[in-house]
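Working notes for the structure below.
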Amino acid sequence: MSNFSDLLQQAEQLTADMDSGWELPRIDRNLHQLAEAGQRLLSRSSTTAGERADVKASILLGSKGFDVPKLSEKLDQLDTTKTFEPIEPVRETDIQGFLRNERENAILSAIEEARKSTFAQSKKYQWSCMESELEQEKEKIFNSLLGAQESVEFLPEPEVFSASSLNMHGRSALDATELAYARQVYIHNEAAVTGMPHNIVDGFLEVADRLEEKSVRDFWPFIKDLGEIGHSRESPHKIRFSPEFQVQFLERARHFLEERYLRYVQETVYDNLQSAQLGGVPGTFPLVKSFLKIKLPHGAQGLEDGDLDGTPIWPLIYYCMRCGDPDSALQAVGYIPQHLSDFKDFFREYINSDRRRINPSTESKVRLQYRRSVRTSQDPFKRAVYCLVGHCDLADNHQELATKTEDYLWLKLSLVSVDQSDAQDEMTLDQLQILLLEQFGETHFGAYQQPFLYFMVLFLTGQFEAAVEFLSRVEFFRSHAVHIAISLYEMGLLAVSESLQTQLLTTDPSTPQPFRQLNFARLIMSYTRKFEMTDPREALQYFYLLRNIKRPHGGDLFMECVSELVLETREFEMLLGKLEPNGTRKPGCIDKFQRDRQDTQAIIERVAKDTEEKGLFEEAIRLYDLAKNHDKTIELMNKLISQVVSTCGAPQSPRDRLHNMAVEIADRYRAQGHNASQSRMSTFFLLLDLMQFFDLYHGNQTDTALDVIQKLKLVPLSSETVEERVAAFRQYNDEIRRVLPDVLLATMNILYTKYRGTKSSGQSPLLDRRRDDGGMEQLRMILRRQARSLLTFAGLIPYRMPGDTNARLVQMEVLMN
């Protein structure tokens with residue numbers, strides 16, 4: 001039992017404990033105060049659970065000397081939000097307290113400033129990454145869409161399909177027509193790489209000759225004719241709005257429509273030879289006469305100025321002009337009555353003019369005659385001929401004659417003025433473009449019922465970009481639209497938008513005319529999206545066409561598309577090549593496009609950089625190695641190895657895969673040399689040795705593992721080498737420093753395992769021999785000294801280890817003592 005002296009000593013000890021370490025003052029009460037406090041607590045007792053809890057808390061804390069009401073007031077005054085706010089300086093008399101207060105203020109201020117800076121930087125980096133990923137996803141989505149600004153309508157399939165177009169070649173997603181186009185792109189790129197001249201339109205024309213779609217087949221020769229007025233170094237805007245280009249383009253557009261109509265007239269006559277009564281005289285004049293016997297019914301009303309052998313004069317003149325034969329039209333004009341003899345001279349001047357435009361004085365006379373007598377004539381053919389010769393009454397659409405879209409378009413193109421664009425009574429090409437595209441538009445022409453016809457309306461009026469954009473929305477004609485755009489781009493006639501983030505078709509605000517631009521790069525990328533997974537070689541050929549389009553951040557679009565293609569298809573070896581065991585690179589598909597080896601390496605490095613940014617580090621290592629960038633290869637290799645070096649390797653695990661890759665690279669670099677820095681290579685080989693150490697450690701080969709770590713001289717195993725290892729630690733890279741805690745724990749664990757072995761295996765013959773050499777106690781002493789050296793090293797190195805590392809090291813060292 002305890003006596004009174006023991007009780008007194010315990011009471012004094014409790015008093016001393018209460019006096020030290022508590023910020024609240026000690027409470028002393030007399031008996032009267034205790035009685036009042038007890039009555040107050042009794043009066044607060046009630047039936048509620050919360051108040052009962054307060055009473056119990058008051059009784060518990062009151063028994064320890066705390067005044068609960070005053071303590072609650074003090075706790076309520078505490079503000080937890082000011083925990084990390086700087087402490088207000090206090091006026092203290094002692095210097096030590098003042099300095100301690102200032103030190104705490106400085107530390108807390110630095111912590112708060114670092115916290116704010118860290119949050120701000122992390123938030124900025126997060127938004128930057130999100131915006132970058134969003135832009136990339138937006139570009140992918142836009143490229144995969146058709147580019148339609150309005151709702152896309154699904155067309156009924158044409159009645160006649162090419163039988164070969166439905167035939168798929170193996171796993172290819174390209175049909176026969178698309179493969180034929182792709183073949184011509186390949187031939188063109190081969191010529192471009194070797195520096196040989198090549199006209200890609202000739203190749204596309206060969207493909208078109210084998211098409212069963214007659215409208216497309218007939219249109220390619222017109223595109224080829226545009227090559228004669230393209231290929232200028234000027235910008236497409238300057239070329240297309242120059243009077244010289246517009247005159248030649250309008251002439252070719254009219255000639256294209258006239259040839260189509262002439263074939264229509266011939267087919268009509270040959271299909272109705274009995275009614276046509278063609279005869280044996282060749283030429284357009286007798287052909288049109290025969291056509292009118294079928295076209296015009298006998299006794300047609302409103303026709304004036306007589307006929308020629310039963311054929312009305314003005315229809316004969318008009319259809320000869322419509323078929324594009326001015327000589328036949330002039331021959332027909334010779335049969336008009338004598339009172340219109342002045343018109344013969346006017347028409348002869350019109351036919352002989354270079355631009356189908358008579359001089360202003362003659363034109364004024366024609367317009368005067370038109371207003372006086374012809375305007376009110378009932379003969380629509382006579383009015384149309386006068387309007388064509390004198391550019392009269394531009395508002396008249398000649399609905400009696402222009403019953404088809406091509407007839408209407410031919411009339412409008414014949415009335416367009418180029419030289420006198422400032423005159424108010426003239427129609428310019430710009431005005432015609434606005435009329436057809438903006439005022440009439442797709443709905444008026446029934447574009448989705450006859451898509452290629454509406455395409456011709458836009459194209460023949462010089463609206464190449466709008467025509468291609470519309471036709472690319474129609475699945476059946478998309479490949480034709482893309483290759484028409486390629487032809488115009490190679491001719492220098494296609495207006496290409498500068499930004500790749502825009503829609504497929506945009507308006508250039510810097511020009512007064514309604515000049516539109518086509519996002520050519522997006523058109524190509526959206527087209528290749530269909531087959532890049534199954535036909536990456538063909539997709540690469542199309543991407544090479546974008547080599548002259550530069551990106552804002554530097555580099556051309558070809559490199560960017562190659563990078564995206566490689567990442568999407570994962571065909572690294574086929575597209576970029578591979579390293580052979582002897583260190584030489586087996587060429588890939590991109591080598592065909594590069595004359596210089598440095599260009600190929602630049603592309604591979606670009607792909608490697610994009611691969612690294614996407615987190616595909618193992619693939620990035622292979623690509624940097626392929627590009628002969630050994631320094632970057634070893635840098636990424638070290639980062640990956642340091643993350644798995646201490647783990648237990650299993651077959652097909654990431655550590656096993658990285659170990660095999662590292663050994664392969666190390667053997668090759670030793671044998672063939674490298675251009676990596678000495679520091680990174682030293683780290684690389686040290687990490688490989690550490691992987692061997694951990695393999696032995698996890699395999700319970702403790703003696704061999706301890707021998708390996710001793711040879712590496714990474715950690716000290718004697719007190720004499722501690723300072724040397726600490727000094728060497730400062731020279732190591734971060735990859736080695738991150739591994740060091742695991743190395744210390746593994747080494748200490750080996751020492752502890754050997755120490756326990758000396759305790760439990762004292763009767764073994766081996767230990768008996770050790771007794772002879774110095775005894776078991778000497779061995780334990782050596783192990784304890786080694787453990788002490790490790791612990792001292794861990795405390796001296798300037799590196800913040802994980803929280804439990806030091807504790808575990810100390811624990812094992814204590815257990816050995």
Side-chain angles (χ1 to χ4, degrees), residues 169-172 182-183 185-187 189-195 528 531-547 555-556 558-614 616-637 640 652 656-676 681 684:
H169 291 253
R171 64 181 184 92
S172 175
R183 173 65 180 172
V185 173
Y186 166 77
I187 295 174
N189 290 337
E190 287 287 320
V193 170
T194 57
T528 57
F531 56 86
E532 63 182 15
M533 297 300 295
T534 59
D535 304 86
R537 292 185 180 89
E538 283 71 18
L540 196 64
Q541 297 290 337
Y542 283 93
F543 291 150
Y544 187 66
L545 299 173
L546 308 177
R547 62 190 180 278
D556 55 58
F558 172 62
M559 296 176 62
E560 185 172 324
C561 291
V562 169
S563 176
E564 184 176 344
L565 179 66
V566 172
L567 293 177
E568 288 287 338
T569 61
R570 310 300 292 270
E571 296 284 357
F572 296 99
E573 295 184 0
M574 182 185 72
L575 296 175
L576 303 179
K578 62 174 293 187
L579 279 177
E580 300 290 353
N582 59 0
T584 60
R585 189 179 71 88
K586 181 180 178 180
C589 293
I590 62 168
D591 291 86
K592 299 179 181 179
F593 304 103
Q594 307 299 327
R595 301 181 186 177
D596 190 359
R597 178 172 170 268
Q598 298 296 328
D599 295 339
T600 304
Q601 289 189 358
I603 293 178
I604 298 176
E605 283 202 38
R606 171 59 187 271
V607 179
K609 182 180 178 181
D610 293 342
T611 306
E612 180 186 359
E613 291 177 353
K614 290 182 178 296
L616 304 174
F617 296 112
E618 293 186 31
E619 289 81 356
I621 289 172
R622 294 290 189 187
L623 292 174
Y624 279 123
D625 191 25
L626 188 65
K628 304 297 182 181
N629 190 344
H630 299 156
D631 195 61
K632 191 67 177 178
T633 303
I634 298 301
E635 178 187 349
L636 290 180
M637 200 79 238
L640 293 186
Q652 303 302 322
D656 182 63
R657 193 168 57 248
L658 286 173
H659 180 265
N660 296 334
M661 184 189 302
V663 170
E664 175 194 344
I665 292 175
D667 293 340
R668 180 154 37 85
Y669 285 6
R670 282 195 187 101
Q672 302 168 9
H674 57 82
N675 55 29
M681 288 303 301
F684 175 62

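Distance alone, capped at 3.5 Å, is enough to place a donor-acceptor pair between the N189 side chain and the Q541 backbone. Using a distance-only test at 3.5 Å, with no hydrogens or angles considered, a donor-acceptor pair links the side chain of T633 to the main chain of N629. Listed for the R668 side chain is no donor-acceptor partner under 3.5 Å among the backbone atoms of I665. Checking side-chain atoms of D591 against main-chain N and O of G588 turns up a donor-acceptor pair under 3.5 Å.
Residues E532 and T569 come closest through the heavy atom pair O-CG2, 3.3 Å. Annotation for Y624 and E605: closest pair CE2-O, 4.4 Å, computed over non-hydrogen atoms. The two residues F684 and A662 have their closest heavy-atom pair at CZ-O, 3.4 Å.
At a threshold of 4.5 Å between non-hydrogen side-chain atoms, the residues F617 and T611 do not count as touching. Side-chain contact between L579 and T584: absent, with no pair of heavy atoms (C-beta onward) separated by less than 4.5 Å. Between T600 and R585 there is a side-chain heavy-atom pair separated by less than 4.5 Å. Between V562 and L575, every side-chain heavy-atom pair lies at or beyond the 4.5 Å cut-off. The side-chain heavy atoms of R622 and M661, taken from C-beta on, include a pair separated by under 4.5 Å.
A cation-pi arrangement, defined by a distance under 6.0 Å to the six-membered ring centre and an angle within 45 degrees of its axis, is absent between R183 and Y186.
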Intermediate values then yes/no, side-chain contact (heavy atoms from CB on, under 4.5 Å), F531 and Y542:
CA-CA 11 Å; F531 56 86; Y542 283 93; 4.0 Å; yes
Go through the steps to decide whether V566 and D610 satisfy the test side-chain contact (heavy atoms from CB on, under 4.5 Å), and finish with yes or no.
CA-CA 10 Å; V566 172; D610 293 342; over 6 Å; no
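Comment: K592 does not engage E190 in a salt bridge, judged by the lack of any side-chain N to carboxylate O separation of less than 4.0 angstrom. Using a cut-off of 4.0 Å between Lys/Arg side-chain N and Asp/Glu carboxylate O, R570 and E619 are scored as salt-bridged. Comment: K609 does not engage E612 in a salt bridge, judged by the lack of any side-chain N to carboxylate O separation of less than 4.0 angstrom. By the 4.0 Å N-to-carboxylate-O rule, R606 lies close enough to E560 to be salt-bridged with it. Salt bridge present: D667 and R670 bring a charged side-chain N and a carboxylate O closer than 4.0 Å.
Taking CD of E580 as the start and NZ of K578 as the end, the distance is 5.5 Å to the nearest 0.5 Å.
Remark: aromatic rings of F543 and F558 are distant, center separation not under 6.0 Å.
D631 pairs by the side chain to side chain donor-acceptor pair (under 3.5 Å) definition with S677, R680, not counting sequence neighbours.
Relative orientation of the Y669 and H630 rings is tilted, given thresholds of 30° and 60° on the angle between their planes.
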